[in-house]
Amino acid sequence: MEVEDDNAAMLSNYEVFTLLSELTKNMTGKRKVNKGQQNLATISYETIKYLKKTPCRLQNEEIIGNFLKALQPFNLTKAEKLQLLNQRPTSAVEIQLIIEESEERLTEEQIEELLDVVASKLPDIDAEEPAEGAEQQMEQS
């Protein structure tokens with residue numbers, strides 16, 4: 001197997017979680033597992049186990065779309081948006097670590113607005129109530 005384009009696309013934790021969950025469902029019940037497939041199964045299992053502990057398990061395409069629309073006024077790069085989605089920062093310090101040159105690009109008010117967008121649009125794994133749209137996704141699952 002060769003990597004044709006090592007930077008073709010960046011995947012969110014939600015996309016990886018969904019993909020691996022579907023692959024695991026498809027592989028269940030199939031016999032004759034070779035060594036390579038066994039290693040893949042182990043890596044998939046460990047990755048899914050980790051991702052189940054993150055907010056991505058409560059996200060869906062609608063939540064992510066709404067979140068990305070809400071980020072448009074901040075003029076962030078794709079990588080910064082992806083990190084915000086995956087990391088779900090809760091403090092200004094975390095924002096400064098994610099957004100390059102945040103001191104020059106964002107005011108303190110904008111950082112607070114950004115934190116409000118993250119809190120309101122992305123589900124919190126520790127919260128009792130999921131964010132907008134997450135409840136419907138959990139019911140569909």
Asks: So, taking the atom named CG in Asn13 and the one named CG in Asn86, what distance separates them when rounded to the nearest 0.5 Å?
Replies: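 Asn13 atom CG to Asn86 atom CG measures 3.5 Å (nearest 0.5 Å).
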Asks: First locate atom CD of Gln59, then atom CD1 of Ile125, and finally report the distance between them rounded to the nearest 0.5 Å.
Replies: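 Reported to 0.5 Å precision, the distance equals 10.0 Å.
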Asks: Ser12: what forms a side-chain hydrogen bond (donor to acceptor under 3.5 Å, both in side chains) with it, not counting sequence neighbours?
Replies: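 Result, side-chain hydrogen bond (donor to acceptor under 3.5 Å, both in side chains) vs Ser12: Glu15.
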Asks: Should Leu85 and Ile64 count as side-chain neighbours, where that means a heavy-atom distance under 4.5 Å?
Replies: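 Result yes, sub-4.5 Å side-chain heavy-atom pair found.
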Asks: Quick one: does Phe74's side chain get under 4.5 Å of Glu113's, heavy atoms only?
Replies: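 Sidechains of Glu113 and Phe74: in contact.
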Asks: Could you give me the CA-CA distance, side-chain angles and deciding distance for Ile111 and Thr107, then say whether side chain to side chain contact (heavy atoms under 4.5 Å, CB included) is met?
Replies: CA-CA 6 Å; Ile111 290 174; Thr107 64; over 6 Å; no
Asks: Tell me, do Leu122 and Pro55 make a side-chain contact under 4.5 Å, heavy atoms counted?
Replies: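 No, every pair of side-chain atoms sits at 4.5 Å or beyond.
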Asks: Do any side-chain atoms of residues 95-104 form donor-acceptor pairs under 3.5 angstrom with protein atoms, and if so which ones, sequence neighbours left out?
Replies:
none

Asks: Using a 3.5 Å cut-off and no angle test, enumerate the donor-acceptor pairs between side-chain atoms of residues 43-54 and protein atoms at least two apart in sequence or in another chain.
Replies:
residue : atom : partner : partner atom : Å
Ser44   : OG   : Leu40   : O            : 2.9
Thr47   : OG1  : Ile43   : O            : 2.8
Thr54   : OG1  : Leu51   : O            : 2.7

Asks: Can you list the steps and then say if Leu71 with Leu114 is a side chain to side chain contact (heavy atoms under 4.5 Å, CB included)?
Replies: CA-CA 8 Å; Leu71 291 180; Leu114 189 54; 3.3 Å; yes
Asks: What's the spacing between Leu84 CG and Lys121 NZ if we round to 0.5 Å?
Replies: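 Output value for this atom pair is 15.0 Å.
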Asks: Side chains of Tyr14 and Ile63: closer than 4.5 Å at any heavy-atom pair?
Replies: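 No; the side chains remain at least 4.5 Å from each other.
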Asks: I need the full list of salt bridge (Lys or Arg N to Asp or Glu O under 4.0 Å) pairs touching residues 72-95, with sequence neighbours left out, sorted by first then second residue.
Replies: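 Residue pairs with at least one partner in residues 72-95: Glu80-Arg105.
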